[in-house]
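Basis for what follows: all heavy atoms, side chains included, without hydrogens, waters or symmetry-related copies. Numbered from 1 within each chain, the chains take letters A, B, ... in sequence-line order.
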There are 2 protein chains.
Amino acid sequence: MSELALRAEKLDAADELAPVRSRFVLDDVVYLDGNSLGALPANVPGRVADVVRREWGELRIRSWEESGWWTAPERIGDTIAPLVGAAPGQIVVGDSTSVNVFKALVGAVRLAGEGRDEILVDATTFPTDGYIAESAARMTGCALRPVTPAEVPDAVSDRTAAVLLNHADYRTGRLHDLPSLTAAVRAAGAVSVWDLCHTAGALPVGLDEHGVDLAVGCTYKYLNGGPGSPAYLYVRRGLQDRFDSPLPGWNSHVEPFGMRPSYEPAAGALRGRVGTPDILSMLALEAALEVWEGVTVAAVRAKSLALTDFFLECVGAYVPEGLVESLTPQAHAERGSQVALRCPNAGGVMKELIRRGVVGDFRHPDVLRFGFTPLYVGFADAERAARVLGEVLEPA
Amino acid sequence: MSELALRAEKLDAADELAPVRSRFVLDDVVYLDGNSLGALPANVPGRVADVVRREWGELRIRSWEESGWWTAPERIGDTIAPLVGAAPGQIVVGDSTSVNVFKALVGAVRLAGEGRDEILVDATTFPTDGYIAESAARMTGCALRPVTPAEVPDAVSDRTAAVLLNHADYRTGRLHDLPSLTAAVRAAGAVSVWDLCHTAGALPVGLDEHGVDLAVGCTYKYLNGGPGSPAYLYVRRGLQDRFDSPLPGWNSHVEPFGMRPSYEPAAGALRGRVGTPDILSMLALEAALEVWEGVTVAAVRAKSLALTDFFLECVGAYVPEGLVESLTPQAHAERGSQVALRCPNAGGVMKELIRRGVVGDFRHPDVLRFGFTPLYVGFADAERAARVLGEVLEPA
């Protein structure tokens, strides 16, 4: 056994989160794609079966009340809240991330008020945020200006209505400085909108602490909600009364069953609701969130950094110099929970890694992406992944 | 056994759709709320369990390709298509009805082109359509004008960009004249948007035949997709190239995995997609649609009319004159697949009906609503429901 393999064994033995792995359904594949689709929590199949067979099949329509279906969006929002540093009553679950970006960005422009006619958007964003931002700008009469996150403090001005930023770059894994960027946006009188897709469940976000205005995120990555599980919207409490959604569906009405012809929004987080919630996906997510029982985000973050450090060390040892280049920052303060390696023929290399039981993903044109989900990935996994990568890149 | 009960027995024995009931999980409750939440198809629990345990749990990220997750929205759209009279390639499944109303209505205004600045909306609509129409009007600079469906031919003008109509009234069950109203909208050069929530799966719609421009609908009523199952959007083939969605998420990009910074829409129905589809809810719906194997919508419509006729006859026989008033039109051409009865204390009456095993629903302020879903409701059910209603309204 190599020195690195021995160290991995010791690190796993000392890992306080190691027992959490048994809360998931896993096999002997090294699954480093939890930043795209989280693994299946072991309690989900039973819960989903009960929702289908008993709540839908037997109680049918009664379940909207008796099984708590109607209130699921805000209840599950409150379950996610502590994971992103939010007090209860500010998060509502439902719709896709793209739809929530639209709600948040149009809402942000309206909150900013008259006289501000520009939206700044992260130029390095996951594309859907940029596409939706373009639509939000067009529909609110704003100009859209792409800037890198580092440029935001200089770019934000008294013209700026809203700034849409990613907490972590989906491609490189770079973590952006949420506290200082949020402060810069606020100092200019603009409204901040953060996309937490690549950080919620992986590291502390501190929405309330840092005064973030609005935020959105998906739940199928580090929150393990399942394929296409519903996204969420955070609206800071102080802004809720003025939050004016572009999608004022009946679920956000103050009296949804009053069937009133004119719209009057509900108070609080549920103002972000739109139409009937997708109950099967939503309650699978609720069950998935139970894996966080007794787990702190601080512990997850500590393990994530140790894992990515160790993986990069193993890559350095197993992969000959010059064959890959890390795009992931060395500094912990700038690192999310993934490692991105640039390499020629990355698509073909990832196919071969997967064939050999190491699952990451490929991002066009030349990036190998490895996500580290501390709830179920261990140090031996990191060592094996790097070793197999070395074997693929330099066949014996 | 009463004469009506005997007739019900004979009608059930002669009903060619009677065997379809065994494709659902049902008990001895008379379930007349399938127009709100369809009953559970028997094959859904097994399919959902397989999606969760094998496709998510074992294949994980590979399922996006290997299990056909990625193409589910358009594949399931094509499965719904024949039920609403649409050729393949025009329907895409995803998001809630409210979100699809927004896409359709903003898209319709953009299709109508410059110089048209008014949206007509059904004044008797299910409220969410009206709320969303108000937002669509506000965001496109249009005036919103509520009119009854009967007023549309006179109200539509060369100012009108789009007209949003319900195929059936959610409260009274009245069926509106889709062919002639669509023709009137078209004759004025405006774009028609139909909400099919209360007709798809209950009666022939004929989207292609009647030249409907855009349509939306939910899938959890007569299509039995489960609580909050995804809605769908129909865009007539001739309009697809010009359809300009206000929610241009990455799933509708011509090259979604190209991660390109600028948006370029895909061709065809999938231009209506937005974000990552909610796979659990979506694949439950796909399984649910298998109950239509060998069933024609014409047969469903014939049975639906026979059921509602028979129910109204039984109500006439069992409920003393003057205690209830039917809001449902007598004329078949004006009747959907539900019967709405106005009665004092309707909320209390419905509670008692449910306690006695007859499940309909109550619509504020004074309406008892009974949905007839011909795939699993029989004539004996109709007779029993009317008999129990008589017993509740006039205790012996």
Side-chain angles (χ1 to χ4, degrees), chain A residues 25 27 31 33 36-37 39-40 44-45 48-49 52-53 56-58 60-61 63 69 95-99 102 123 127-128 130-132 134-135 139 218 220 226-231 246-250 253 257-261 263 274-282 284 359 361 363-364, chain B residues 25 27 31 33 36-37 39-40 44-45 48-49 52-53 56-58 60-61 63 69 95-99 102 123 127-128 130-132 134-135 139 218 220 226-231 246-250 253 257-261 263 274-282 284 359 361 363-364:
Chain A
V25 176
D27 45 31
Y31 191 63
D33 213 359
S36 186
L37 175 66
L40 172 66
V44 166
V48 171
V52 172
R53 288 183 186 278
W56 173 13
E58 293 174 23
R60 289 183 285 261
I61 196 72
S63 274
W69 288 356
D95 305 308
S96 67
T97 304
S98 298
V99 169
F102 187 76
T128 209
Y131 307 157
I132 295 288
E134 200 175 338
S135 175
M139 297 193 79
C218 77
Y220 44 77
S229 57
L247 295 170
W250 72 295
H253 197 282
F257 293 95
M259 301 290 152
R260 283 153 47 178
Y263 180 73
V274 185
T276 304
D278 51 338
I279 292 300
L280 303 194
S281 295
M282 196 163 278
V359 178
D361 67 16
R363 279 292 173 255
H364 189 80
Chain B
V25 176
D27 45 30
Y31 190 64
D33 213 0
S36 186
L37 175 67
L40 172 66
V44 166
V48 171
V52 172
R53 287 184 187 277
W56 173 13
E58 293 174 23
R60 288 184 287 261
I61 196 72
S63 275
W69 287 357
D95 306 307
S96 67
T97 303
S98 298
V99 169
F102 187 75
T128 208
Y131 307 156
I132 294 289
E134 200 174 338
S135 175
M139 297 192 78
C218 76
Y220 45 77
S229 56
L247 294 170
W250 71 297
H253 197 283
F257 293 95
M259 302 288 154
R260 284 155 45 179
Y263 181 72
V274 185
T276 304
D278 51 338
I279 292 300
L280 302 194
S281 294
M282 196 164 277
V359 178
D361 67 16
R363 279 293 172 254
H364 190 79

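Using a 4.5 Å cut-off on side-chain heavy atoms (C-beta onward), A/Asp95 and B/Asp95 make no contact. Side-chain atoms of A/Pro248 and B/Glu134, non-hydrogen and from C-beta on, never get closer than 4.5 Å to each other. At least one side-chain heavy atom of B/Met139 sits less than 4.5 Å from a side-chain heavy atom of A/Pro246. In this structure the side chain of B/Leu37 reaches within 4.5 angstrom of the side chain of A/Trp69, judged on heavy atoms. Contact check for B/Asp27 versus A/Arg60: side-chain heavy atoms found under the 4.5 Å cut-off.
For the set B/Gly275, B/Pro227, B/Ser98, the count of heavy-atom pairs under 4.5 angstrom toward chain A peaks at B/Pro227. The candidate with the highest count of non-hydrogen atom pairs below 4.5 Å against chain A, out of B/Arg363, B/Met282, B/His253, is B/His253. For chain A, the option among B/Val99, B/Leu280, B/Thr97 with the highest count of heavy-atom pairs below 4.5 Å is B/Leu280. Looking only at heavy-atom pairs under 4.5 Å with chain A, the residue among B/Ala123, B/Gly249, B/Ala284 that has the most is B/Gly249.
With a 4.5 Å cut-off on non-hydrogen atoms, B/Pro261 touches chain A through its backbone but not through its side chain. Residue B/Tyr131 touches chain A through both its backbone and its side chain, counting heavy-atom pairs closer than 4.5 Å. Both the backbone and the side chain of B/Ser281 come within contact range of chain A, each with at least one heavy atom under 4.5 Å from a heavy atom of that chain. Only the backbone of B/Pro277 has a heavy atom closer than 4.5 Å to any heavy atom of chain A.
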Taking it one step at a time, do B/Trp56 and A/Val25 satisfy side chain to side chain contact (heavy atoms under 4.5 Å, CB included)?
CA-CA 10 Å; B/Trp56 173 13; A/Val25 176; over 6 Å; no
Give the C-alpha distance, both sets of side-chain angles, the deciding distance and a yes or no for side chain to side chain contact (heavy atoms under 4.5 Å, CB included) between B/Val48 and A/Val48.
CA-CA 8 Å; B/Val48 171; A/Val48 171; 3.4 Å; yes
Evaluate the criterion side chain to side chain contact (heavy atoms under 4.5 Å, CB included) for residue pair B/Ile61 and A/Asp361; output intermediate values, then yes/no.
CA-CA 9 Å; B/Ile61 196 72; A/Asp361 67 16; 5.7 Å; no
Candidate pair A/Tyr263 and B/Thr128, rule side chain to side chain contact (heavy atoms under 4.5 Å, CB included), full reasoning:
CA-CA 9 Å; A/Tyr263 180 73; B/Thr128 208; over 6 Å; no
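Atom OG of A/Ser135 sits about 6.0 Å away from atom CG of B/Leu247, to the nearest 0.5 Å. Once rounded to the nearest 0.5 Å, the distance linking OG of B/Ser229 with CG of A/Asp278 reads 9.0 Å. The structure places NE2 of B/His364 at 10.0 Å from CE of A/Met259, a figure rounded to the nearest 0.5 Å.
In the displayed structure, A/Arg260 atom CZ is contacted under 6.0 Å by more than 12 heavy atoms of other residues, nucleotides or ligands.
A donor atom on one side chain and an acceptor atom on the other are not found under 3.5 Å apart for A/Thr276 and B/Ser96.
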